[in-house]
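Step one of this worksheet: look at the structure below.
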There are 2 protein chains.
Amino acid sequence: MTDPTDDQVASLAAALDVFSRRFKLKDAGAGRPLAEIDKHILHYVEAHPGCGPTDVARNFGVAMTTISSATDRLAKRGFLERLRPSEDRRAVALRLTGDGTSYTAAQKQAYLIMFRAMLAPLSPAERDTFVAMMTKISSYEG
Amino acid sequence: MTDPTDDQVASLAAALDVFSRRFKLKDAGAGRPLAEIDKHILHYVEAHPGCGPTDVARNFGVAMTTISSATDRLAKRGFLERLRPSEDRRAVALRLTGDGTSYTAAQKQAYLIMFRAMLAPLSPAERDTFVAMMTKISSYEG
DNA sequence: GTTGAATAATACGAACTACGTATTAAACTG
DNA sequence: CAGTTTAATACGTAGTTCGTATTATTCAAC
């Protein structure tokens, strides 16, 4: 396969520059906004209930202590609870609280609205094509 | 125009989730990595040589003092110089140094490589279609 | 079974960032 | 020329990341 042309690359650069500015998500809840990593943690814990800080740290490639601080913040905020499972009493099992679940739900809803806005300018047929291309790009194993 | 279907939105969400993880840029230079805002400032100053901190703050929607600190960091690092124009001696005119120019050039180069990687999985014809769609989405005035 | 190594997590401190308030200096305004 | 506005910085506070040290628990070997 030939390489992308310089024109294609330059146009993509320009489009993505605007794109990244335009499609930026506000924080879902009230009060002080969460740090980026905190939001990632909430989504990860929702998908992996009962996981531990070590899993989270490995998954995001940050230091364990960072996750410890972050889960501490989230627990204080009432979004996360740390349970000591009887099976291994060193470990903690992370779970979303009701508030945490609401928060992540609201954030996911906001994402969906944003994705709808992305697709809005395209025709129904173009939307399928676009989504297929994004999927192709994302799942490509180079 | 009808709304995007739930399927389309869900597929896009899944694709962009992977997309955002995969296409993440490492820091261009050596030494301690720059803060995000610092990199944005370098690109802005390159595009608007002689601009002042106030312009930059307005452009990015952050506090003036944040830009003051940031330009201070960048100046200490040798990426930026602050000149006092004779015309208005309150103002400072920001300019990239040679090192600053090199840094931004390296970062832009890294972006281009990333954009090439994005387009690589698509056929030449698809690339045009994809770039056109991204442009359409970015420039849409809803 | 007890001792020693490995593992899970936290406590604490150092380095850094963002930003609000106060301050300095220069340029307008009447 | 006094008062206000404007541009920027100094300084302090709050918050984040992460490295090192510490605590508690489990595993391994003898």
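Lettering of chains follows the sequences in order, A, B, ..., and the numbering in each one begins at 1.
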Problem - For A:Arg73, all residues meeting side-chain contact (heavy atoms from CB on, under 4.5 Å), sequence neighbours excluded - result: A:Ala35, A:Ile37, A:Asp38, A:Ser69, A:Ala70
Practice task
Only counting residues at least two apart or in another chain, list the ones meeting side-chain contact (heavy atoms from CB on, under 4.5 Å) with B:Thr101.
Solution key: B:Leu96
Fill in the blank from the handout: Ordered by number, residues from residues 48-66 of chain A within less than 4.0 Å of DNA chain D (heavy atoms) are A:Val62, A:Ala63, A:Thr65, A:Thr66
Practice task
Scan residues 29-41 of chain A against DNA chain D and write down, sorted by residue number, each residue with any heavy atom closer than 4.0 Å; if none is found, say none.
Solution key: A:Arg32, A:Ile37
To check you understand the geometry: which heavy-atom pair defines the closest contact between [X] and [Y], and what is its length?
X       : Y        : answer
B:Ala93 : B:Pro85  : N-CD, 4.1 Å
A:Ala15 : B:Ser138 : O-OG, 2.8 Å
B:Arg84 : B:Arg89  : NH1-O, 3.3 Å

Handout entry: Strand contacts (DNA chain C) in residues 71-79 of chain A, 4.0 angstrom heavy-atom criterion
Key = none
Practice task
Can you tell me which residue pairs pass the ring pair (Phe, Tyr, Trp, His ring centres under 6.0 Å) test with a partner in residues 72-104 of chain A, sequence neighbours excluded?
Solution key: A:Phe79-A:Tyr103
Side chain to side chain, [X] and [Y], heavy atoms closer than 4.5 Å:
X        : Y        : value
B:Lys108 : B:Glu46  : yes
A:Glu126 : B:Thr129 : no
B:Asp72  : B:Lys76  : yes

Problem - Pairs touching residues 2-15 of chain B that satisfy salt bridge (charged side-chain N to carboxylate O under 4.0 Å, His left out), sequence neighbours left out - result: A:Arg116-B:Asp6
Completion exercise
Result for 5'-nearest mapping on DNA chain D, choosing between A:Ser69 and B:Arg84, is B:Arg84
Practice task
Drop me the distance from A:Leu122's CG to B:Met133's CE, to the nearest 0.5 angstrom.
Solution key: 6.0 Å
Practice task
Tell me who clusters with A:Ile113, hydrophobic residues only, linked when side chains sit under 4.5 Å apart either directly or through other members.
Solution key: none
Problem - For A:Val18, the rest of its hydrophobic cluster, which grows through side-chain links under 4.5 angstrom - result: none
Polar atoms only, N or O, under 3.5 Å: list the protein pairs with nucleotides 22-25 of chain D and their distances.
{"from": "D:dT25", "atom 1": "O2", "to": "A:Arg90", "atom 2": "NH1", "distance (Å)": "3.4"}

Handout entry: Presence of salt bridge, A:Lys39 and A:Asp27, under 4.0 angstrom
Key = yes
Practice task
Heavy atoms of chain A, cut-off under 4.0 Å: which first and last nucleotide of DNA chain C, 5' to 3', fall inside that, if you could look?
Solution key: C:dT7 to C:dA11
Could you pull out all donor-acceptor pairs under 3.5 Å where a side-chain atom in residues 49-65 of chain B meets a protein atom, sequence neighbours excluded?
{"from": "B:Asp55", "atom 1": "OD1", "to": "B:Arg58", "atom 2": "NH2", "distance (Å)": "3.4"}
{"from": "B:Asp55", "atom 1": "OD2", "to": "B:Gly52", "atom 2": "N", "distance (Å)": "2.9"}

